[in-house]
Peer 1: 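Below is a structure I'd like to ask you about.
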Amino acid sequence: MISKDELANIVGAENVSDAEAVLLKYSRDRSLVPAGSPECVVWPTGSEQVGEVLKWANAGNIPVVPVSSQEHFNGGAIPRQGGIILDLSKMNRIFEIDKDLKKARFEAGVTWGRLTAELAKKGMRTIMPLLPHADRSVLTDTLEREVPTNTVYDYGEPMMAFEVVWPTGDIFRLGSASVNGYPDSMSKGGNPSGPGIDFYRFVQGAQGTMGVVTWTNMKIMFETKKDKVFFAPVEDLAYAQEFLYRILPRRVGQEVVLLNSTDLAAILAEDMDAEFEKLRATLPPWTLILVVSGLLRRPDEKIAYEVKLLREVMKNEFREMHLSEALPGFPGLGSKMLSLLRNPWPAHLTYWKNRWQGASQSLFFIARPEMSPLYVDIVEAIAPRYGYPVADIGSYIQPIEHNRACQVEFTFFYDARDEEAKARISALYRDAAQALVGEGALFTRPYGDLAPMVYERAAGYVMALKRVKKLFDPNNIMNPGNLCF
Amino acid sequence: MPTTKFSLDPSDINNFTYDMSRCIKCKGCYWVEHTYQPGARFATRCPSNVWNDFDAYGAFGKMRIGLALAEGRLEWTPKLLEIIYADPLCGACDVGCKRNLDLEVELSLESLRVKAVKDGAGPMPVHKKIAQNIATKHNVYGAPHGNRKQWATGDLKIEEKADLLYFVGCTASYGNKEIAQSTAKILNATGTPFMLMPEEWCCGNTLQSVGMLDEARALAKRNIEMVKSTGAKRVLLSCAEGYRMWKVEYPKLLNIATADLGFEVVHLVEFADEALQKGSLRPAKPVNKRVTYHDSCSISRLADPWTPYSGERGWMGTVNPRLKRRRGTQGLYAQPRNVINAIPGIDFVEMIRTRENAFCCGAGRGTKEAFPTLASSSAKHRLEEVKEIGAEVLVSACPWCKNNFASAAAGDNVKVMDFSELILASLDA
Amino acid sequence: MAIVKEAYRALEAVVGAGYLSDDPAVCEGYRSGPGGYENGLGYERVMTRIPGAVILPRSTEEVQKIVKICLRYKVPYVPYSTGFYGPRSHPHIEGALLVDLKRLNDFEFDEKHWYANVGSGFIYAQFQEECLKRGGYGVIGGGGAQASVIANLIGDGWSPLSHRIGLPHRRILGTEMVLPDGEILRTGSLAVGDDPFWGDGIGPDLRGLLRGYTGLRGCLGIVTKMAVKVLPFQPERLEPTGISPDTALALPEKRVKWINYIMPSKETQVRAMYEIGKAEIGGAVTKVPLFWRAIAKAECKEEFWDLWLKETPETVANFHIVRVLLIGFTNEEQLEYDEKVLSDIMQELGGSPRRTKPSDESWIKNADSAGMWLMCGSYVSVDYVIETLGQATEHGQVYADLKKKYTPPLMPDHGDPGWFQSFELGYQGYSEFLIYWDQDENTDGVDHFYLETSKMNINHRFYTSLLGPHQPMYLTGPKYGPNYHEWMLKIKNEFDPMWLCHPPVPFAHDEFVRRAPWMHKLADWESPREFPYPQWLKEKMDAEAAAFHVKK
């Protein structure tokens, strides 16, 4: 039995709730993961409180599910064994935005909406996944390895040094934030690695099972000075991938995304009723969107050399690829697309994936780009078995780092009020995942049903992971039942 | 800090304890020099350490072992002898190390052998047999001394006295007469009068290489005296090992400089290049083959002239007087290539590892006799490279290389030739 | 001391008699020093031993069998790729089995997906050439192209080329290792199949076990295979030229170009790095310590000193060079663009270009650290830390100030404040401080300096690379994290409860301070009387410490 009073002693009575309406909010999300209710919700306002709550939870063997966002799509924050929700949304300070060091330091409760706005005031931006929900935690999305739309940087992760509260309740700074006295130190938190062990790796992709990350340093960059948005209609996905294999290693482009007509229609339609179906019907099967940008200095010249390469490659090697600043039939799309790619999805609008039928379930994984046509074929073969029209599958391919890999995402849309549809989508999702896993699709973020499917193929990894988990969370209080724990 | 006297004399291992104690285990002695590194294959240039993977077999291992020997921390055993002697002393380690540092690796390795001999542990039994052959028959084979000049057939024009003395060497005299004959014919064809040693004895390569310095020194004195007595101004060698002996080791044994020998030492590749420039060598007949060239160690890495040195080492290891170190920069690289490329019809292709990065054939300096598998496996390894570049003919300028490659190539589609044979093939009869 | 004979026989059955030896000469060949990185110092003399036996496996499976045999017979073992990193990569205990991984030198390349899959014996020089052949490149750590790719990526190595690429260990993809308990761990995409193309996951990322900042020095298992990211380069060939020692890569000037700029002050030197990062140009950006130039010019050690002793603290303090490598990844026009932007920046800051050779002597294929030993014979870096440009540009000066107290025996360097540069397009900064001495002199001062820098970093609140096994764990542990050492020990004890994998690492530097009388006066931090070893190791370490005192 959870004692609200004990929690209130730690965080203050106003920051504890077990009201039904509140608990209901945390017991389900936009995914198909079955509901699970917490017994209590707690809003700490600082790391020390987080530590105290975790110590308390250990003493009472009470599960803790850390949450930082207001919208959840993957089911990772639904309690499976009761316990409490540790909601960090009140820990939402932006400590610093440093234009020289090109970094920001902020707490877990800072959302995409807020961070992008604050950065914009200073002429800065950050790399982002595609249309993150404005109310989602930037820290969480980055920790969970959401794939950015920007393909050009070699340096990989945007996260720098951060603070974690281990499941034992110990506050720990890792990387170069570990120096005593940080941030009042010569070290500014630019390096996530160490000390001693690469602790930061254990917390990435952990879905809250390895500790509570309270704040982080993250890379930011200057806003571009000039942009050209290019579009290419794509009929043959394999051909488009060959084109990307050719041009992306030449380091052209900032954001590069491949969206099928369903997904792109859902993104672009301003009035869903009036526009969505028409867009779906008239957009090409796939659209390649490639943003070429001029940066701080001599922006036109940067754009010029990138465009030169693109033109030469298309002329000499890819004659069927027609990148241009206008998508035929869709005037003015460029600036609209740019704004979409550089901003989160506004919180006041229904999330783009849910605008059509009210709900959606996305299946995403990492893949070798040349395999993506096969994965599309697999899903298109399976969907009809569940009465799901092929034309209704949303598909999004995100190239990664010079197209060495990509993320493939399939989205299935459904009416949340229709229990039968939900069940079918659930079954479709599982069946498709199983088939994809069998063909080399790599689910590095195994949410919900994916977890047992993936981990049963990784016995050695699971064994080692469980042993590490036990060291940090001996009582298994952190989001138990998630991943392989 | 007190200074230490030392000299570049391998007869005392203590001259090299500084060098051995400063080896940084960077394995520049083992790998092809990084700038030229060809990648996953053909990455190394140390035959000893390719033959046996334990660190002890690389120079970096031997530096540590050498120090232990100097400090009396290791006993002589057959294994230790193998470590020290299973090594063609090809100089790759010395040159590799000296790309960045000032350590005398080659001399250190030589000093280990001298110590082995002095301690009564070395050299290898077969080397003792060779020494015996040289002492009694004046050649490494123990063949009758009287047969030494049988290679000189009647069609060759040899003078009684000339400015140029052709020192043939044991191998060309007895086993590879074709090299001696080809060389003589080339000299004739260029109109260069030449003489032979009145009585040619072994150059002493094996003796010097295995650490029998006293015996080698005696031969050196004797051979130099004989040359001087002929009045010859130049000594020509067609054997790379012999070239190294005369040019580098004789002065070293006698503690004089190469420049003070009293005569010039040239290898056939140098002579041929000179003659080509002068116009007296005229390769005219086409040789329509894809040909590659192997840089024999003793005319490349090991060929820098010798200057004796003794001095003091002091603060931070600096030496006084200043010492210009031999870093293998004066190898005969351009000369053979100039000549080969002048042959009409030749399709010349470089090996993947060339010049100072060449992979030693593994035969020289007493190695083939004592460690035949090291020699054969090294040659086979080098032949892989020849096949990789698609060469039909492998040319080198040393009979040891030729014989070792030829036996390793048996059955392969690669013809092994000496430089002299290739040139001759292009001269009008 | 011999390996127990039952273990020896079992090991021999794994690799064959030709690849196992306990011969004294063979083992002597594996001695750490006295020359080399961090050799010729107290740590090396006190802590290293030659192995009791050496084994050369050929595959992960053989390595696993070896580890299991060591567990069965309680044989301490040490993984070893090249041994170049010095004493910390060599046995610290009598009778250890040195596992020489050089035969794990397989290599595969996936050109389309820009990675190479290598074994522990594969070195950077080979890797870089294979990359360059295919229009790619990697970053060769400053330690040198002779370093094992795997060992360097789990230890960390970087060069001016890190300006664009970033933290080296982010290049680690699917990896295979043998844990100290004999289990094989495969990470990234290898966890679920045979394809090593991706490094993350699955879920939490156990690449965290591979390494830390900086490096576990081989005390938490043996990595046998790793897929490594290759970065796209440009298509024209860099031709090797010259005869050793004057070798260099000739650069295709329209695609690859170094430019040296003389800056009017340190402030402008630093500002240039910030601006270059913000402009997102360049393939490499670094300052150059003045004595490296002297090393490059000198034909021998003596000539180096001729050149160096002419310098003064003033000339050193006023020497501000920014060296930039431009790479036309996209096309020639991109290099032109980068050069114009760079020129704009330099004009603003008053930097003036110097005639720069159209060649690369070192960084692209060599990363020639070997030259560091030319000057004095001994060398170690007392820090090589990635942080921000904020820390990096200030860090070296603090070392330089402390170093005065220890010069001599440290080399007279006129107060040179070390090396720093921009990393990750200015998101990070790197600083390295190198020290040199002659090991024939009394080196106690060097040992002291090394330890004092750790305290200096703690006091000034710098991040430093010398954490974990590099300095006393009980000194740095409480001050970073805090208590990172406790978590590290938990992990160590979980996977290697018998401490057979490279004992007594990570407590090796604590042991050194305990044993060496000249270090005792510096031991002013709290340290337990007994280190948390298993009993057998405790007895061994006590005996070694006692024997050391007796010897003295």
Side-chain angles (χ1 to χ4, degrees), chain A residues 100-102 145 154-157 172-173 176 178-181 185-188 190-191 193-199 201-202 204-206 210 219 222 245 249-252 295-298 301-302 305-306 308-309 366 368 402 404-405 440 442 444 446 454 457-458 460-461 464-465 467 471 483, chain C residues 112-114 164-167 170 183-186 189 191-193 195 197-198 200-208 211-213 231-232 274 278-280 329-331 333-334 337 340-341 344 386-388 390-391 394 424 426-428 460-463 467-468 479-481 484 488 490-491 494:
Chain A
D100 253 358
L101 297 182
K102 298 197 290 182
R145 299 192 293 251
D154 283 332
Y155 55 66
E157 304 152 319
F172 190 81
R173 277 103 181 267
S176 61
S178 62
V179 302
N180 63 103
S185 54
M186 294 302 293
S187 168
K188 307 295 177 202
N191 184 355
S193 174
I197 285 267
D198 271 348
F199 296 101
R201 291 275 188 224
F202 299 147
Q204 289 175 321
M210 294 293 289
K219 289 174 178 153
F222 286 85
Y245 276 123
R250 299 269 63 87
R251 299 158 190 265
V252 298
L295 305 181
L296 280 184
R297 294 177 182 261
R298 299 186 181 247
E301 291 169 61
K302 179 160 170 67
Y305 77 69
E306 292 191 29
K308 179 167 190 277
L309 180 105
I366 305 293
R368 287 170 173 266
H402 319 301
R404 66 171 67 254
L442 185 65
T444 59
V454 172
R457 302 170 81 96
Y461 195 84
L465 193 51
R467 292 164 75 181
L471 298 175
L483 294 170
Chain C
K112 209 166 182 186
H113 300 94
W114 296 100
R164 184 163 285 270
I165 288 173
L167 283 176
R170 290 202 184 110
E183 296 299 324
I184 293 181
L185 173 67
R186 296 187 173 93
S189 50
V192 290
D195 187 347
F197 84 108
W198 198 245
D200 291 336
I202 309 294
D205 193 337
L206 289 181
R207 282 180 297 178
R211 55 174 318 291
Y213 205 79
L231 283 304
Y274 276 109
K278 287 178 188 178
E280 298 188 17
F329 297 105
T330 310
N331 44 25
E333 288 80 2
Q334 181 234 309
Y337 164 82
K340 283 190 204 157
V341 169
D344 292 343
I386 296 178
E387 219 290 304
T388 56
Q391 172 178 305
E394 301 305 316
E424 294 198 3
Y427 285 109
Q428 288 175 346
H460 288 263
R461 302 176 178 176
F462 284 110
Y463 199 46
L467 296 171
K479 299 298 184 183
Y480 289 89
Y484 78 87
M488 226 175 127
K490 281 190 177 141
I491 291 170
E494 170 62 32

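Throughout, protein chains are lettered first and strands after them, A, B, ... in sequence-line order, and every chain is numbered starting at 1. Only heavy atoms go into these numbers, but all of them, side chains included; no hydrogens, no water, no symmetry mates.
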Peer 1: Contact part of A:L465 toward chain C, heavy-atom cut-off under 4.5 Å: side chain, backbone, both or neither?
Peer 2: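 For A:L465, the contact with chain C is made by backbone and side chain together.
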
Peer 1: Which of the residues C:M488, C:R211, C:R207 is involved in the greatest number of heavy-atom pairs with chain A at under 4.5 angstrom?
Peer 2: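 If we count pairs closer than 4.5 Å to chain A, C:R211 comes out on top.
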
Peer 1: Please flag which part of A:P195 lies under 4.5 Å from any non-hydrogen atom of chain C: side chain, backbone, both or neither.
Peer 2: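 Both backbone and side chain.
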
Peer 1: Indicate yes or no: at least one non-hydrogen side-chain atom of C:R164 is less than 4.5 angstrom from one of A:R251.
Peer 2: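 Sidechains of A:R251 and C:R164: in contact.
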
Peer 1: What's the verdict on side chain to side chain contact (heavy atoms under 4.5 Å, CB included) for A:R173 and C:Y480, showing C-alpha distance, side-chain angles and the deciding distance?
Peer 2: CA-CA 8 Å; A:R173 277 103 181 267; C:Y480 289 89; over 6 Å; no

Peer 1: With a 4.5 Å cut-off on side-chain heavy atoms, are A:N180 and C:R461 touching?
Peer 2: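 Yes, side chains in contact.
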
Peer 1: Just so I know, are the side chains of C:E424 and A:N191 near enough to count as touching, which here means a heavy-atom distance under 4.5 Å?
Peer 2: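 Counting from C-beta outward, C:E424 and A:N191 never come under 4.5 Å.
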
Peer 1: Which one wins on heavy-atom pair count under 4.5 Å against chain A: C:E394, C:K340, C:K112?
Peer 2: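 That would be C:K112.
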
Peer 1: In terms of heavy-atom pairs under 4.5 Å, which option from C:S189, C:G208, C:A279 contacts chain A the most?
Peer 2: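 Result: the option with the highest number of such pairs is C:G208.
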
Peer 1: A quick test of your reading: do over 12 heavy atoms of other residues, nucleotides or ligands sit less than 6.0 Å from NZ of C:K479?
Peer 2: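 No, not enclosed.
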
Peer 1: Is there side-chain contact between A:I197 and C:Y213, with heavy atoms separated by less than 4.5 Å?
Peer 2: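 The answer is no; the side chains never approach within 4.5 Å.
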
Peer 1: Find out whether A:Y245 and C:H113 are in side-chain contact, i.e. whether some heavy atom of one side chain is under 4.5 Å from a heavy atom of the other.
Peer 2: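 Yes; the side chains approach each other to less than 4.5 Å.
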
Peer 1: Please report the interatomic distance NZ(C:K490) to CG(A:L471), rounded to the nearest 0.5 Å.
Peer 2: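 That separation rounds to 7.5 Å.
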
Peer 1: Please identify each residue that fulfils salt bridge (Lys or Arg N to Asp or Glu O under 4.0 Å) with A:D100, with sequence neighbours left out.
Peer 2: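 Partners of A:D100 under the salt bridge (Lys or Arg N to Asp or Glu O under 4.0 Å) test: C:R271, C:K278.
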
Peer 1: If I measure from the heavy atoms of chain A, does C:L467 come under 4.5 Å with its side chain, its backbone, both, or neither?
Peer 2: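 Side chain only.
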
Peer 1: Between A:E306, A:Q204, A:M210, which residue shows the highest count of heavy-atom pairs closer than 4.5 Å to chain C?
Peer 2: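 Highest number of pairs under 4.5 Å: A:Q204.
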
Peer 1: Tell me, out of C:Y274, C:Y427, C:F462, who's got the most heavy-atom pairs with chain A below 4.5 Å.
Peer 2: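 If we count pairs closer than 4.5 Å to chain A, C:Y427 comes out on top.
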
Peer 1: Against chain C, label A:L483 side chain, backbone, both or neither, depending on which of its atoms sit under 4.5 Å from a heavy atom there.
Peer 2: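 Contact with chain C involves the side chain of A:L483 alone.
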
Peer 1: Between C:L185 and chain A, which part of the residue has a heavy atom less than 4.5 Å away: side chain, backbone, both or neither?
Peer 2: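 Contact with chain A involves the side chain of C:L185 alone.
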
Peer 1: I need the minimum non-hydrogen distance between A:V454 and C:V192, along with the two atoms involved.
Peer 2: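 So the two residues come closest at O-CG1, 3.9 Å.
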
Peer 1: Walk me through it: do C:R170 and A:D154 pass the test side chain to side chain contact (heavy atoms under 4.5 Å, CB included)?
Peer 2: CA-CA 10 Å; C:R170 290 202 184 110; A:D154 283 332; over 6 Å; no

Peer 1: Mind listing the closest non-hydrogen atom pair of A:L309 and C:T330 along with its distance?
Peer 2: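 Nearest pair, atom of A:L309 first, then C:T330: CD1-O, 3.4 Å.
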
Peer 1: Looking only at non-hydrogen atoms, find the nearest pair between A:G190 and C:Q428 and report the distance.
Peer 2: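 Shortest heavy-atom contact: O-NE2, 2.8 Å.
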
Peer 1: Between C:I202, C:T388, C:I184, C:I491, who has the most heavy-atom pairs with chain A when the cutoff is under 4.5 Å?
Peer 2: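 When all of C:I202, C:T388, C:I184, C:I491 are compared, C:I202 has the most.
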
Peer 1: Need one label for A:R145: side chain, backbone, both or neither, based on atoms under 4.5 Å from any heavy atom in chain C.
Peer 2: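 Contact with chain C: side chain only.
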
Peer 1: Under a 4.5 Å cutoff for heavy-atom pairs, which residue among A:R298, A:R457, A:H402 has the most contacts with chain C?
Peer 2: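 If we count pairs closer than 4.5 Å to chain C, A:R298 comes out on top.
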
Peer 1: How far apart are the closest heavy atoms of A:Y461 and C:G201, and which atoms are they?
Peer 2: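 For A:Y461 and C:G201, the tightest heavy-atom pair comes out as OH-O, 2.6 Å.
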
Peer 1: Is a donor on one side and an acceptor on the other found under 3.5 Å between the side chain of A:R201 and the backbone of C:P204?
Peer 2: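 Checking the backbone N and O of C:P204 against the side chain of A:R201, no donor-acceptor pair under 3.5 Å is found.
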
Peer 1: Are the side chains of C:H460 and A:V179 in contact, using a 4.5 Å heavy-atom criterion?
Peer 2: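 No, every pair of side-chain atoms sits at 4.5 Å or beyond.
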
Peer 1: Can you tell which part of A:F199 gets under 4.5 Å to a heavy atom of chain C, answering side chain, backbone, both or neither?
Peer 2: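 Contact with chain C: side chain only.
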
Peer 1: Determine whether A:T444 and C:D205 make a side-chain contact, defined as any pair of heavy atoms from C-beta on separated by less than 4.5 Å.
Peer 2: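 Side chain of A:T444 against side chain of C:D205, heavy atoms only: no contact under 4.5 Å found.
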
Peer 1: Closest approach of C:E387 and A:S176, non-hydrogen atoms and distance?
Peer 2: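 The answer is OE2-OG, 2.5 Å.
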
Peer 1: Between A:Y305 and C:Y337, how do the two ring planes meet: parallel, tilted or perpendicular, split at 30° and 60°?
Peer 2: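 A:Y305 vs C:Y337 ring planes: tilted.
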
Peer 1: For the candidates A:K302, A:R404, A:K308, A:R250, which exhibits the highest count of non-hydrogen atom pairs separated by less than 4.5 Å from chain C?
Peer 2: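 The candidate making the most pairs under 4.5 Å is A:R404.
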
Peer 1: Under 4.5 Å heavy-atom distance to chain A, tell me which part of C:L167 shows up: side chain, backbone, both or neither.
Peer 2: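 It is the side chain, since no backbone atom gets that close.
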
Peer 1: So which atom in A:P249 and which in C:W114 form the shortest heavy-atom distance, rounded to 0.1 Å?
Peer 2: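 Looking at all heavy atoms of both residues, the closest pair is CG-NE1, 3.4 Å.
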
Peer 1: Would you call C:D200 and A:I366 a side-chain contact if the rule is heavy atoms closer than 4.5 Å?
Peer 2: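 Sidechains of A:I366 and C:D200: no contact.
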
Peer 1: Determine whether A:R297 and C:D344 satisfy the following criterion, salt bridge (charged side-chain N to carboxylate O under 4.0 Å, His left out), listing intermediate values before the conclusion.
Peer 2: CA-CA 9 Å; A:R297 294 177 182 261; C:D344 292 343; 5.0 Å; no

Peer 1: Is it the backbone or the side chain of A:F222 that comes under 4.5 Å from a heavy atom of chain C, or both, or neither?
Peer 2: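 The answer is the side chain of A:F222.
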
Peer 1: For A:R467, which residues count as a salt bridge (Lys or Arg N to Asp or Glu O under 4.0 Å) partner, sequence neighbours excluded?
Peer 2: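 By the salt bridge (Lys or Arg N to Asp or Glu O under 4.0 Å) rule, A:R467 matches C:D181, C:E494.
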
Peer 1: Look at C:G193, C:G390, C:G203, C:A191 and state which one has the largest set of heavy-atom pairs under 4.5 Å with chain A.
Peer 2: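 Of C:G193, C:G390, C:G203, C:A191, C:G203 has the most heavy-atom pairs under 4.5 Å with chain A.
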
